[in-house]
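Report on the following structure.
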There are 2 protein chains.
Amino acid sequence: MSSERIQVGLNAVIVAVTDEAPRLITLAGDPAALPTGTLDPEEDRTLERALRRWVSEGTGIDLGYVEQLYTLGDRGRSSEPGVRLVSVAYVALVRERAPSPDSGAAWSDWYGLLPWEDWREGRPAVVDEAIVPAIDAWAAEAAAGDRAARRERSAILFGLGGSAWDIERVLERYELLWEIGFVPEAGAARSDDAVHGEPLVLDHRRIAAQALGRLRGKLRYRPVVFELVPATFTLTGLQRVVEALSGVRIHAQNFRRLIDRGGLVEKAGGIDASTGGRPAALYRFRRDVLRERPAPGVGLPGLRTAG
Amino acid sequence: MSSERIQVGLNAVIVAVTDEAPRLITLAGDPAALPTGTLDPEEDRTLERALRRWVSEGTGIDLGYVEQLYTLGDRGRSSEPGVRLVSVAYVALVRERAPSPDSGAAWSDWYGLLPWEDWREGRPAVVDEAIVPAIDAWAAEAAAGDRAARRERSAILFGLGGSAWDIERVLERYELLWEIGFVPEAGAARSDDAVHGEPLVLDHRRIAAQALGRLRGKLRYRPVVFELVPATFTLTGLQRVVEALSGVRIHAQNFRRLIDRGGLVEKAGGIDASTGGRPAALYRFRRDVLRERPAPGVGLPGLRTAG
DNA sequence: CTCTCTTTTGCTCAAACTGAGTATATCAGC
DNA sequence: GCTGATATACTCAGTTTGAGCAAAAGAGAG
């Protein structure tokens, strides 16, 4: 056939939200990497089982919710020469911040990788201070006819000049930053991580970006948040997790209205008095909605023009 | 490593809508199959390019819009023994019903594969006449405690007993029918195709089901319909295509309101008088919306409780 | 030429949903 | 019993959605 050998790999974006920060597991290295494994044709009946097996073996974490994300197969994404690496990437949600053993696995802040994605405190400084100048330079060096198009595309993706910030277009934003050479993977020398974001090996940061976008979209119409919170939780706690992932603030009263109008939760009986204010009632997820309603999600109220 | 060899394949669900019927390309055989190809590591820089290459070579069709669907890698999905086949499936949309050469490729009616998915004339006869009895039998043979759960799950998926018909859950419905042995792939002998749907080789019908679900979902928030219609079209024509894919009827006035309130189209100047009634104005897609609005789709009005 | 049938297109209206604000409840700590 | 904090309840205008009525504009029948 051909002299280049094809190899199948698996990648996992393992997500948890702790202390109002979304995190994912990375493996130590320079740069760091997403957990990576292979399919054992003898042992693994399905790709997903293969994933669960080696994640469990390697990090001691038993995955709950798992969803296939994307399969990457571009040339040049293997570190071994002569090997064409085709990787199937998955997103997995885990409840607690299970501390990893001495496997080299650790939890990294998602917004450490993608600092421009966190708009909870308004438009992040990185955008105005570093991204906008980089975009301007990139637009300026284009042929006269393309300048307006480049500026318009950037403005829409990054919520500039009156455009709304679309929380789901994480991948498109990453790809634009890659195109303009803002993220170090694009050949540039290693630079300030707080501004350009912490890089990952190969195209792993791209995978992380795609995963965040997918998850943000999924929040709307499937009750995936509940995979990330403990069995009982307060509505404000739930809201903080949604905010952490979506990267925007939510109107608390409307969030509450949406959640219980949708029948997503029920009172668990019990109180969390550690809030610093009026104690909050504890709720639990109503597993029944999965069967009752066609597309129950948290709906993400109030984020048309965040910031 | 292991004695079983891993092989990477590619599958394409190539879609067109003609005469108000969604169609996809299948290769002659018993049963028929989806177009299948491989990645040539030397020649193909990306998976998507590989797909475009062999579809073009094999059927003469140049694909336009292409989107990755899912990667399948379960054991036992290769016809060759000793080979573990990992297939990356794609959905592609093409405009005209390009007639295929003598490559064995032909257009098949999507609802020939999945007859229970077409609710444009109300709940299809197949559901009441064949599926409901099959479900009842399946529920009856369960342990007493599981019967209600089986019935409830079926009712929700198939829009029985007051449940709404959710157009997007195509895959879940297929999987239920597989589970209860209604679709022939599940080991049963070949049966009446008009009722059980035309089978495809291996898990190809499953892929087709997943593709339909994905496409139906995508209609809502991305302007993919326009990939399927000619450069100029009437609003009713556009509506028929949406109806064909979504499998439900749409309130014409609301559809029209949605489309032009969303700025998705503009008058192309010209008239189609062949409608049998008042002549319809011709429109064209406004490519600009892609840059203007965050998530322009056709919105699919009026399909909460179709049928 | 007029009447009828058909499809296209414009308009209306109530119900549901959203975004955003005001007000009240209930705790901890002083 | 204040003060400060968060939790929770209600309100209200603006928008979107589902659904129907009606006029416009052609073809064909009589």
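Heavy-atom basis, side chains included; hydrogens, waters and symmetry copies ignored. For clarity, every value in this text was computed on a predicted model and none was experimentally measured. Throughout, a chain's letter reflects where its sequence line sits, starting with A, and its residues are numbered from 1.
Here the side chain of A/Asn254 is nearest to one of C/dA20, C/dG21, C/dC27, namely C/dA20. Out of D/dC10, D/dA19, D/dA7, the shortest distance to the side chain of A/Arg278 is found at D/dA7. Taking the side chain of A/Arg257 as heavy atoms from C-beta on, and the options D/dT8, D/dT17, C/dT18, the nearest nucleotide is C/dT18.
None of A/Val66, A/Leu215, A/Ile14 except one satisfies the side chain to side chain contact (heavy atoms under 4.5 Å, CB included) rule with A/Leu93; the exception is A/Leu215. Of the residues B/Ile259, B/Val248, B/Ile250, B/Val17, the one that meets the side chain to side chain contact (heavy atoms under 4.5 Å, CB included) test with B/Val242 is B/Ile250.
For B/Arg173 and B/Trp165, the positive end sits near the middle of the six-membered ring, less than 6.0 Å away and at most 45° from its axis.
Distance, A/Arg256 CZ to C/dA25 C1': 12 Å, rounded to whole Å. Atom CD of B/Gln239 is separated from atom P of C/dT8 by 8 Å (rounded to the nearest Å). Put simply, CD1 on A/Ile271 is 14 Å from C1' on C/dA28, counting in whole angstrom units. Between the NZ atom of B/Lys267 and the P atom of C/dT9 there is a distance of 7 Å, rounded to whole Å. Nucleotide D/dA19 holds its P atom 14 Å from the CG atom of B/Leu258, rounded to whole Å.
Backbone-only contact: B/Ala280 has heavy atoms under 4.0 Å from sugar-phosphate atoms and none from a base. Within the nucleic acid shown, B/Thr234 has no heavy atom closer than 4.0 Å to any nucleic acid atom. Using a 4.0 Å heavy-atom cutoff across all strands shown, A/Ala252 reaches no nucleic acid atom at all.
Side-chain nitrogen and oxygen atoms of B/Thr236 include none within less than 4.0 Å of the OP1 or OP2 phosphate oxygen of C/dT7.
Residue B/Gly276 is the one, among B/Gly276 and A/Gly277, whose nearest nucleotide of DNA chain C lies closer to the 5' end (criterion: closest heavy atom). For A/Gln253 and B/Pro279, each mapped to the nucleotide of DNA chain C holding its nearest heavy atom, the one lying further toward the 5' end belongs to B/Pro279.
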| task | For side chain to side chain contact (heavy atoms under 4.5 Å, CB included), just list the numbers for A/Tyr174 and A/Leu113, CA-CA rounded to whole Å, side-chain angles, deciding distance to a tenth of an Å, and then say yes or no. | result | CA-CA 10 Å; A/Tyr174 178 79; A/Leu113 306 180; over 6 Å; no
